Enquirer: 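I'd like to ask you about the structure that follows.
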Amino acid sequence: MEEKIKELVGNKLEKLKVWIDSVTVEKEDDNTFLRVALDADFIIPLNTVVMATRIINPLLDKADIDLDNYIGVLQNSIEESKYITFDVF
């Protein structure tokens, strides 16, 4: 799944100077979460996360990723142990 999404996004995040660090799919209760962790050489501001979301979401929607009613979550992985999670609906 991670390689598929990284390939789908390609270089579209370059202008924001961020990249996809990891992609995970997790089940919690009755929901399936698609978590995309972003990384950069700087602290990623919230508006950059929002812009990345606006780039990634349409690509995922168009690709029709095979997940059961997934809920997308973007994460900022500045430090592995401290994810800042943003729910994207």
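The structure displayed is predicted, hence computed values, not measured ones. Counting from 1, the numbers follow the sequence of the chain as shown.
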Enquirer: Taking all atoms of both residues into account, what is the closest heavy-atom pair of Lys17 and Ala40, and its distance?
Expert: O-CB, 3.5 Å

Enquirer: Quick one: do Ile55 and Lys15 satisfy side chain to side chain contact (heavy atoms under 4.5 Å, CB included)? Show the steps, please.
Expert: CA-CA 11 Å; Ile55 292 169; Lys15 65 183 175 188; 4.0 Å; yes

Enquirer: When rounded to the nearest 0.5 angstrom, what distance separates CG in Leu13 from CD1 in Ile56?
Expert: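 Nearest 0.5 Å value for the CG-CD1 distance: 5.0 Å.
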
Enquirer: Below 4.5 Å, heavy atoms only, C-beta onward: do Ile5 and Leu59 meet side chain to side chain?
Expert: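 No. Closest side-chain heavy atoms not under 4.5 Å.
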
Enquirer: Rounded to the nearest 0.5 Å, how far does CE of Met51 lie from CG of Leu46?
Expert: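 One gets 9.5 Å once the value is rounded to the nearest 0.5 Å.
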
Enquirer: Can you find a pair of side-chain heavy atoms, one from Thr48 and one from Val18, that are under 4.5 Å apart?
Expert: yes

Enquirer: Quick check on the hydrophobic clustering: are Trp19 and Ile44 connected, directly or via other members, by side-chain heavy-atom contacts under 4.5 Å?
Expert: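 Unlinked, Trp19 and Ile44 end up in two clusters.
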
Enquirer: Taking all atoms of both residues into account, what is the closest heavy-atom pair of Pro58 and Thr53, and its distance?
Expert: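 In terms of heavy atoms, the two residues are closest at CD-O, 4.1 Å.
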
Enquirer: Lys6 and Ile20: which non-hydrogen atoms are nearest, and at how many Å?
Expert: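 Distance-wise, the nearest heavy atoms are CE-O, 3.4 Å.
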
Enquirer: In Å and rounded to the nearest 0.5 Å, what is the CD to NZ distance from Glu7 to Lys4?
Expert: 9.5 Å

